[in-house]
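What you see is a predicted model, and the numbers here were worked out from it, not measured in a lab. All residue numbers refer to positions in the sequence shown, counting from 1. The basis for the numbers below is simple: all heavy atoms, side chains too, and nothing from hydrogens, waters or symmetry mates.
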Amino acid sequence: PLGSPPDIKLKKMAPRLDTLEGKTIYIVDDGFVGGDNLLHEMVDWFKANYPNTTALYKRKGGGGFEAEDPALWAEMKEKADAIIIGLGH
């Protein structure tokens, strides 16, 4: 193809939290086979190393990494201080 791709609009990264103590962190699985094993280990790590932090494992619905999950997104907007999304390859 000889066309020109559209301009890329850069977005600022979300600001880092000053601490994880007392925060709620959502650890989200996009459904990649076996990814849940690592993400559950991450939840366990937070429980062991940050006992005052809540780490929640959630499986994104909708099928496939590109699919939306409006209910989960709304829940995280309301309740999450931070989000870690495990994307498969």
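A salt bridge links E75 and K58; the closest N-O separation between the charged side-chain nitrogens and carboxylate oxygens is under 4.0 Å.
I84 and W73 are not part of a single hydrophobic cluster, where members link through side-chain heavy atoms under 4.5 Å apart. Using a 4.5 Å cut-off between side-chain heavy atoms of Ile, Leu, Val, Met, Phe, Trp and Tyr, with links allowed through other members, L56 and I27 fall into different hydrophobic clusters. Taking hydrophobic clusters as Ile, Leu, Val, Met, Phe, Trp and Tyr residues chained together by side-chain heavy-atom distances below 4.5 Å, L87 does not share a cluster with Y57. Both L17 and M42 are part of a single hydrophobic cluster, where members link through side-chain heavy atoms under 4.5 Å apart.
Annotation: side chain of I8 is in contact with side chain of L10 (closest heavy-atom distance under 4.5 Å). At a threshold of 4.5 Å between non-hydrogen side-chain atoms, the residues Y26 and D81 do not count as touching.
Summarising the geometry, atom OG1 belonging to T24 is positioned 11.0 Å from atom CD1 belonging to I83; distances are rounded to the nearest 0.5 Å.
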* Could you give me the CA-CA distance, side-chain angles and deciding distance for V28 and M76, then say whether side-chain contact (heavy atoms from CB on, under 4.5 Å) is met? => CA-CA 10 Å; V28 181; M76 291 188 300; 3.6 Å; yes
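Applying the side chain to side chain donor-acceptor pair (under 3.5 Å) rule to pairs touching residues 43-54 yields E21-N52, sequence neighbours excluded. Every pair tested for side chain to side chain donor-acceptor pair (under 3.5 Å) that includes a residue from residues 7-19 fails, sequence neighbours excluded, so the list is empty.
Remark: of the listed residues K60, K77, R59, K60 is the sole one forming a side-chain contact (heavy atoms from CB on, under 4.5 Å) with L72.
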